[in-house]
Asks: 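The structure that follows is given in the form of structure tokens.
Order of the sequence lines sets the chain letters (A, B, ...), proteins ahead of strands, with each chain counted from 1. Keep in mind it's a predicted model, so treat the numbers as computed, not measured.
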2 protein chains.
Amino acid sequence: MARRTHGDRRKTILRVAGRLFSQRGYYGTSIRDIAAAIRLQGGSLYAHIASKEELLWEIVDEAAQAFLSSLEPIVRSGRSPVEKLRLAVAAHLWVVTERQDAAVVFNHEWKALSPRRRADILARRDAYEALFREILQEGIEAGVFRADLNVPLITRFILTALNGVAVWYRPKGPLSPEQIAEAFTDWVMRGLRRCEPPETSG
Amino acid sequence: MARRTHGDRRKTILRVAGRLFSQRGYYGTSIRDIAAAIRLQGGSLYAHIASKEELLWEIVDEAAQAFLSSLEPIVRSGRSPVEKLRLAVAAHLWVVTERQDAAVVFNHEWKALSPRRRADILARRDAYEALFREILQEGIEAGVFRADLNVPLITRFILTALNGVAVWYRPKGPLSPEQIAEAFTDWVMRGLRRCEPPETSG
DNA sequence: CATTTTTGCTAACGAACGTTTGCTTAAATT
DNA sequence: AATTTAAGCAAACGTTCGTTAGCAAAAATG
């Protein structure tokens with residue numbers, strides 16, 4: 001059976017820290033806040049963690065991994081640009097809704113990291129954005145997306161709008177991640193595609 | 001001539017506080033940080049301000065005013081929905097680029113306000129969003145925008161993408177606010193409009 | 001020029017911060 | 001049952017926080 005309690009506490013701490021960091025920010029959350037949320041004394045956390053920044057790092061690092069590892073196979077697949085974009089949007093929204101706190105912290109609190117770790121996260125954020133740009137670029141070169149798109153700019157618009165979902169999404173709200181993905185894809189795609197007569201009637 | 005220095009110092013403090021709050025966040029910026037940036041001692045600021053939160057409030061309140069007062073006349077004008085949306089996007093981006101720090105602080109640091117002030121800001125933020133929704137709704141009812149748009153959702157996407165510009169925009173960068181507005185409007189509008197043959201040649 | 005007001009300094013306040021220490025209890029291992 | 005290991009507490013460390021008090025220089029006002 002191995003051990004039961006060991007590591008569980010640590011995961012609880014990480015989960016609670018993620019929630020508080022996402023709600024109040026890194027500097028707005030104290031070690032004692034995190035401890036109190038699981039009915040511990042502040043100092044007791046240090047039996048499980050090395051430092052407050054380590055907590056932030058683990059949350060942000062895990063989010064970076066989640067984003068990158070979900071997008072890479074899509075970009076590398078042999079699908080069409082349109083299909084790639086559709087999947088990429090869905091994948092991004094999957095991470096954003098399934099790991100909401102980590103996504104918010106990843107997007108808003110990376111500045112609180114040490115310079116070395118901040119640089120690491122920024123590099124991976126850039127790599128992610130570059131993968132997204134690749135899809136748009138490919139679509140342009142394949143002639144399915146309009147050639148006059150400002151790819152870096154539009155990519156940023158898309159990613160910003162998608163990341164914003166992490167801030168307002170509520171699992172018990174009226175919209176499922178799939179519905180959000182569909183509405184977003186549907187709307188975004190129209191802005192990208194070259195003008196063609198509609199395929200369906202209506 | 002009235003007084004020369006009076007009020008200047010205060011405005012300087014507000015400007016510097018806005019910059020630091022936007023770069024490091026409210027909790028990540030200390031009174032001594034702000035003071036040091038204008039070569040003063042921490043305590044000296046209190047000859048000009050009542051509290052740190054007052055600084056945050058003035059920045060956020062001013063931004064709220066700027067956003068609302070720039071959008072209201074557009075929504076109330078007799079223009080077409082398409083023209084209203086174009087102007088609204090341009091106005092939003094004008095505020096966001098011209099008062100960049102305040103816009104970032106308005107979007108990211110309002111949580112640090114006292115409950116009463118936070119509620120005030122949230123109400124005005126909601127009012128702003130409602131004005132934006134009105135434009136989309138009007139466009140649907142006029143038959144120029146697609147009827148199947150999820151208006152609250154798309155409005156959120158648009159505003160989030162626009163607010164994101166406040167984070168990455170650089171006045172000395174390659175893109176002017178006007179270029180950003182044009183690319184954005186151009187792209188967004190295609191996702192909203194009902195399919196029609198283009199009116200203009202080219 | 002005298003005086004009031006503004007501006008800034010130094011020093012300190014009490015509170016909260018992240019973190020460490022030493023001790024105790026509980027759990028797991030032999 | 002004895003012993004090692006893990007988990008948590010209470011208290012304190014040194015630092016930084018927002019803010020205040022008392023005093024000095026500078027500027028504006030009469």
Asks: Under the criterion salt bridge (charged side-chain N to carboxylate O under 4.0 Å, His left out), I'd like the reasoning laid out for B:Glu54 against B:Arg10: C-alpha separation, chi angles, the key distance, then a yes or no.
Replies: CA-CA 12 Å; B:Glu54 186 196 73; B:Arg10 193 160 207 287; 2.7 Å; yes

Asks: Tell me which nucleotide among D:dT19, C:dG8, D:dG8 gets nearest to the side chain of B:Tyr46.
Replies: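 Closest nucleotide among those given: D:dT19.
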
Asks: Can you confirm whether B:Glu182 is buried at CD, in the sense that more than 12 heavy atoms of other residues, nucleotides or ligands lie under 6.0 Å from that atom?
Replies: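 Count not over threshold, so no.
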
Asks: Which heavy-atom pair separates B:Ala17 from B:Ile34 by the least distance, and what is that distance?
Replies: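 Between these two residues, the closest heavy atoms are CB-CD1, 4.0 Å.
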
Asks: Between D:dT19, D:dG8, C:dG8, spot the one nearest the side chain of B:Arg32, thanks.
Replies: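 The listed nucleotide nearest to B:Arg32's side chain is D:dT19.
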
Asks: What is the distance from NZ of A:Lys11 to C1' of D:dA7, rounded to the nearest Å?
Replies: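 That distance rounds to 18 Å.
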
Asks: Are B:His48 and C:dT6 close enough that a side-chain N or O sits under 4.0 Å from OP1 or OP2?
Replies: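 No, B:His48 has no side-chain N/O under 4.0 Å of OP1/OP2 on C:dT6.
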
Asks: Look at the side chain of A:Lys52 and decide which nucleotide, out of C:dT19, D:dG8, D:dT19, has an atom nearest to it.
Replies: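 Looking only at side-chain atoms, A:Lys52 lies closest to C:dT19.
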
Asks: Calculate the interatomic distance between B:Tyr27 atom OH and C:dG18 atom C1'; express it in whole Å.
Replies: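 These atoms are roughly 17 Å apart.
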
Asks: Tell me the interatomic distance from B:Ile49, atom CD1, to D:dT19, atom C1', rounded to whole angstroms.
Replies: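 My rounded result for the distance is 10 Å.
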
Asks: Taking CD1 from B:Ile31 and C1' from C:dC13, how many angstroms apart are they, rounded to a whole number?
Replies: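 Whole-Å distance recorded here is 16 Å.
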
Asks: Between D:dA7 and A:Ser44, is there an OP1 or OP2 to side-chain N/O distance shorter than 4.0 Å?
Replies: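 No.
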
Asks: Quick one: label A:Gln41 by what it contacts on the DNA or RNA (base, sugar-phosphate, nothing), any heavy atom closer than 4.0 Å.
Replies: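 Sugar-phosphate: the residue A:Gln41, judged by heavy atoms under 4.0 Å, touches backbone atoms but no base.
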
Asks: Which whole-number value in Å describes the distance from A:Leu45 CG to C:dT21 P?
Replies: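 Distance, rounded to whole Å: 17 Å.
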
Asks: Establish, with yes or no, whether the OP1 or OP2 oxygen of C:dC17 is under 4.0 angstrom from a side-chain nitrogen or oxygen of A:Ser30.
Replies: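 Checking C:dC17 against A:Ser30, a side-chain N or O does come within under 4.0 Å of OP1 or OP2.
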
Asks: Which of the following nucleotides, C:dG8, D:dG18, C:dT19, is nearest to the side chain of B:Arg9?
Replies: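 Per side-chain heavy atoms of B:Arg9, the pick is C:dG8.
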
Asks: Minimum heavy-atom separation for A:Leu175 and A:Tyr169, please, with both atom names.
Replies: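 So the two residues come closest at O-CE1, 3.6 Å.
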
Asks: Whole angstroms only, please: what is the CZ-P distance between A:Arg10 and D:dA6?
Replies: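 Whole-Å distance recorded here is 14 Å.
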
Asks: Measure from CG on A:Asp8 to P on D:dA6 and round the result to the nearest Å.
Replies: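 Going from A:Asp8 (CG) to D:dA6 (P), I get 15 Å.
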
Asks: If you define the side chain from C-beta out and look only at heavy atoms, does anything of A:Leu40 sit under 4.5 Å from A:Arg9?
Replies: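 Heavy-atom side-chain distance check passes, below 4.5 Å.
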
Asks: For the side chain of B:Leu40, starting at C-beta, report the closest nucleotide among C:dG8, D:dC17, D:dG8.
Replies: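 Of all the options, the side chain of B:Leu40 is nearest to C:dG8.
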
